Structures are given as C-alpha cells and as structure tokens.
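Written below as structure tokens is the structure these notes are about.
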Amino acid sequence: MPFNLLKYGFSSDYPEEVDLPPPTELKPSYDVVIIGGGGHGLATAYYLARYHGVTKVAVLEKAYLGGGNTARNTAVIRSNYLTSEGVRFYAESVKMFKGLSNEFDFNIMYSERGQLTLAHTDATVRAFRQRAEVNKHFGGRTEMIDRQQIRELVPTLNLDPGHLPVLAGLWHIDGATARHDAVAWGYAKEAAKRGVEIHQLTEVQDLVIENNRIVAVKTNRGTVKCGCAVQAIAGHSSLLMRKAGIRAPIHSYPLQAMVTQPFKPFLDPLVSSSALHCYVQQTGRGEVVIGGGSDPYPLYNTRSTLELKEGLLAHAIEMFPFLANAKLMRQWAGITDITPDYSPIMGLSPVDNYYLDAGWGTWGFKSTPICGKTMAQLVASGGVVPDLIAPFSLARFSTFRQVNEMGATAASH
C-alpha cells in the first residue's frame, strides 16, 4: 500500500467538498424545471449551465438520482442503427461518451469493446450489409465479417446453435459500455457545481397550464413556477404527457435482464443474435450480463418473471453452452416506452414552452450525452429545434414521416 494512501487513511483531515450539496427547500420559481433526475435530465441541466449560462434550473426526481431506467439498463453504447437520422444522432453520442471522463474529472468506466451481431439467414446478411454501408457513410466503424473472423474474435461462441448456423456477423467497432450510475453522477456533480438545484424525493404530481403555456408544476413538496419545463422521464412518458393534455403513440413494456456469477475474462465484444433475440456481454468484474426483448404485453411493473428467464437463458446457452453451469446472481427489469417506429420523441410539444424527451424504448442510455446537449440547445434558444433532433418530433406521427428503427436491435424490438 502506498505510504501517502496509508497516511491519508489515518488522517482526520478529509476534503470538505462534496459531490452534491445537501438538500434544500424548493424556490418559488425557476427559469427551467426538468422533470426527471436520470441521465437525460441531469445531462440537459449540465449543458444548460455550462454552455448556455442557464443556472436557475431545478431537476426534480421522485426517487433518487439515476434510480429509474438509468439504473435498469445494460449500459450498451453503439451507433449501428438503420436510418441515416438514427446513425447520425447516435454516432454523435458515441463521440461524446469517449470524452466524458475527462470532462467530468470522474471515471465513467468507458470501455470500447466492439459489438458483434450474428446473422443466421441470408435475408439478415443482406440487411446487415446495408446497415454497414449506412454506418460507414456517416463516419461509423462497422463492417461485415465471416464465420472464420467471428471464430477468431469470439473463440467460445457456438457457431452452430440448433438449426440456426451463424452465416456472418455485423462487427461494430465503436460498440462500448460505461458505468451507467457513474454517468448520472458525473452529470449531477458538474451541474450542481454550476448552480443547478437537484431535488430528490420530489415527485411531480400535476402540471399547471394557462393559455397553452406551462406556468408551474405541482409536487409533493409544493407548487413551483417555471419559465419552461422539460419532460425527461422514462417508463411513464405517456402518463406525464397526458397531464399536459398531450396524446402520444407510446406503449410501455417491461424489459428484463439478468447477470451471472463472475468468471475469468473470456468475452471482450458484446455479442447478440438477431434470430435468438438474445445478447451476452461480460462486465469488467467478470459477470455475464444476459438480455433480450421486451415482455410481449404492456405493463407498468418492474418485476422479474420465471417465464422470460427460462427462455432467455435457453438462448444464451445455445450461444455459449458452458453457461449451463453458471449460477444466476440477480434478475431485474425496467420499463420501456415504445413508439410505433421505435425512435424517440424529442423537441417541441403542443404546449408552447413544454419540451419533450420521451419514447426512448431501449435506447435511452446510449443517447445520454447528445440528448442532453441538443435538449439544452432547444431550451436555451427558446424553442429553435436543432437539426440533429428535428426528425424525432412528435409531429412526425401526424405527417407520416416516421424514422423506422424496427429491427435495429438483436431482440424483439
């Protein structure tokens, strides 16, 4: 043990600075109220304060910071989507993730490992070729690889599971992971340093709208006036929008995942199968994370089910047979807000000064930096929509200009 560390451990002289200030009373009013203290809400607050000088901001979180879907995902970062709009958007997010640890002076444990998506049919191979070309066109590092290259990349993978032999793979070099709670806390501490108020255990119960403008939010701690508001919650997006009188084509489904006991490192890339609807990755601590598609029915519940566990594990064992002997440590679920075209809703709403960050499905974590940056630009400009998020407006569903990302994940969504 280094001598200085030992000396520090026995010293009573600890730094006075803390990451977040202690809880305070809500002020009567704020320029901006952000509803939701997950990654997106905290990122929006940070970029507002740092790059636009807007610091009279309150982030309202009904529970604890990053405790919703930010804490209930599998922390995958990638940009290998189907559409040009999607690829451009998520590619910018990947670029921003790479620099977050330096920007925060706080380690988010970013790890670039690559993502391998397996193709089991000729039709999937053709679709993957198209995705690879779209990604390359917009600066992403994605290419097709054959069975031999897959075998060299992942020696422990079963290339012939049942009646679904692996024909090829989509190799996305930019695929990565990061510590999800570290991302949330990094944004929180940097936003708080710049004057943003973060209020936990503060649930927004209703919205006060007059002359088609939001003027205040009602919380369990009192009513707060605001110049504008940003909705950045996940799992219950449509319920909050309903309080503002906004209809949205969102259905919410549970999404489950699980993790095994730790093993010695055997899997560096993130591996997913488009036919088995299953993905497998190994964490830095050695645990194996297993995930798949959403539950097949709408439900606002984060419970785990035996039925999905059995089906998902069966597919994971087809990919990596030795996992049959692994012990499962825990299983969890989040709630995904799914839109008809499997793309998010960002930007303006029918209420003039109420901004939407909703409908993220299973893609919310990987979009955290770019979503925060563009939503901050939207708010600071008074409603001028950045070009990067213009295709994701709520209005696209009434103008039939949807951004179809169905099939962009190796699962049922």
Side-chain angles (χ1 to χ4, degrees), residues 74-100 110-154 157 159 166-178 267-277 279-281 341-344 346 360-371 373-374 386-392 396 401-411 413:
T74 51
V76 175
I77 300 166
R78 63 186 180 89
S79 62
N80 57 340
Y81 280 73
L82 299 174
T83 66
S84 57
E85 297 90 346
V87 172
R88 282 197 298 264
F89 179 78
Y90 291 102
E92 285 299 314
S93 199
V94 170
K95 291 177 185 177
M96 294 178 69
F97 262 114
K98 293 179 180 180
L100 282 188
Y110 180 83
S111 176
E112 185 177 287
R113 302 162 59 183
Q115 184 194 40
L116 173 64
T117 309
L118 306 175
H120 301 265
T121 66
D122 290 336
T124 306
V125 172
R126 289 193 295 270
F128 280 4
R129 286 200 183 102
Q130 178 184 1
R131 286 178 65 176
E133 293 306 315
V134 172
N135 273 248
K136 289 177 185 177
H137 183 73
F138 292 105
R141 295 184 295 167
T142 304
E143 60 188 38
M144 292 293 296
I145 60 176
D146 59 24
R147 278 175 62 99
Q148 180 58 34
Q149 291 171 300
I150 294 172
R151 185 177 288 109
E152 294 171 358
L153 196 62
V154 190
L157 177 67
L159 292 176
V166 175
L167 302 181
L170 185 69
W171 176 231
H172 181 49
I173 302 171
D174 292 325
T177 61
L267 181 63
D268 190 45
L270 319 172
V271 180
S272 56
S273 169
S274 59
L276 298 175
H277 304 304
Y279 62 87
V280 178
Q281 67 187 67
D341 60 357
Y342 293 77
S343 287
M346 302 178 68
W360 280 101
T362 63
W363 323 282
F365 175 73
K366 58 182 65 66
S367 65
T368 301
I370 190 60
C371 180
K373 179 180 178 180
T374 51
D387 291 340
L388 200 60
I389 65 172
F392 305 111
R396 74 180 187 270
R401 302 184 68 178
Q402 299 185 27
V403 185
N404 186 13
E405 291 289 355
M406 182 179 290
T409 64
H413 47 275

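Everything numeric in this text was worked out from a predicted model, so none of it was measured.
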Dump the intermediate steps for side chain to side chain contact (heavy atoms under 4.5 Å, CB included) on Q130 and L82, then the final yes or no. CA-CA 8 Å; Q130 178 184 1; L82 299 174; over 6 Å; no
Ion pair R141/E112, N-O distance below 4.0 Å: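 A salt bridge links R141 with E112.
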Using only heavy-atom distances, determine whether the side chains of Q281 and T74 contain a donor-acceptor pair under 3.5 Å.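 Q281 vs T74: no donor-acceptor pair found between side chains.
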Any side-chain donor-acceptor pair under 3.5 Å between H120 and S273?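 On atom types as modelled, these side chains qualify, holding a pair under 3.5 Å.
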Heavy-atom closest pair, residues [X] and [Y]:
| X | Y | answer |
| --- | --- | --- |
| C371 | W360 | SG-CZ2, 3.8 Å |
| V125 | A168 | CG2-CB, 4.2 Å |
| R396 | P391 | CD-O, 3.4 Å |
| A178 | A75 | O-CB, 3.1 Å |
| P269 | L153 | CG-CG, 4.0 Å |
| L388 | E92 | CD2-CG, 4.0 Å |

Measure the spacing between [atom1] of [X] and [atom2] of [Y] and express it to the nearest 0.5 Å.
| X | Y | atom1 | atom2 | result |
| --- | --- | --- | --- | --- |
| N80 | I173 | CG | CD1 | 11.5 Å |
| N135 | T142 | CG | OG1 | 3.5 Å |
| R126 | T121 | CZ | OG1 | 7.5 Å |
| R147 | L157 | CZ | CG | 9.5 Å |
| L118 | I150 | CG | CD1 | 5.5 Å |
| K373 | T368 | NZ | OG1 | 14.5 Å |

Taking the side chain as everything from C-beta on, heavy atoms only, tell me whether [X] gets closer than 4.5 Å to [Y].
| X | Y | answer |
| --- | --- | --- |
| T117 | F128 | yes |
| I370 | V94 | no |
| L270 | T177 | yes |

Go through the structure and list residues passing side-chain hydrogen bond (donor to acceptor under 3.5 Å, both in side chains) with R401, not counting sequence neighbours.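 For R401 there are no side-chain hydrogen bond (donor to acceptor under 3.5 Å, both in side chains) partners, ignoring immediate neighbours.
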Would you say the side-chain atoms of E405 pair up with the backbone N or O of T83, donor to acceptor, closer than 3.5 Å?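 Pair found, side chain donor or acceptor close to backbone of T83.
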Applying side chain to side chain contact (heavy atoms under 4.5 Å, CB included) between H172 and each of R78, E143, R131, report the one that passes.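 Going through R78, E143, R131 one by one, the side chain to side chain contact (heavy atoms under 4.5 Å, CB included) with H172 is satisfied by R78 alone.
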Less than 6.0 Å separating the ring centroids of F89 and Y81?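 F89 vs Y81: aromatic centres not under 6.0 Å.
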What about F97 and Y90, are their ring centers closer than 6.0 Å?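 Centroid separation for F97 and Y90: 6.0 Å or greater.
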Quick check on E152: does its CD atom have over 12 non-hydrogen neighbours (other residues, nucleotides or ligands) under 6.0 Å away?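 Correct, the count exceeds 12.
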Between I77 and F365, does a side chain to side chain contact (heavy atoms under 4.5 Å, CB included) hold up when you go through it step by step? CA-CA 8 Å; I77 300 166; F365 175 73; 3.9 Å; yes
May I have the step-by-step check of side chain to side chain contact (heavy atoms under 4.5 Å, CB included) for M144 and L170, ending in yes or no? CA-CA 5 Å; M144 292 293 296; L170 185 69; 4.0 Å; yes
Stepwise side chain to side chain contact (heavy atoms under 4.5 Å, CB included) check, S272 with H277: CA-CA 8 Å; S272 56; H277 304 304; over 6 Å; no
Using the six-membered ring wherever Trp is involved, compare the ring planes of Y342 and W363 and label them parallel, tilted or perpendicular (cut-offs 30° and 60°).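 Answer is perpendicular, since the angle exceeds 60°.
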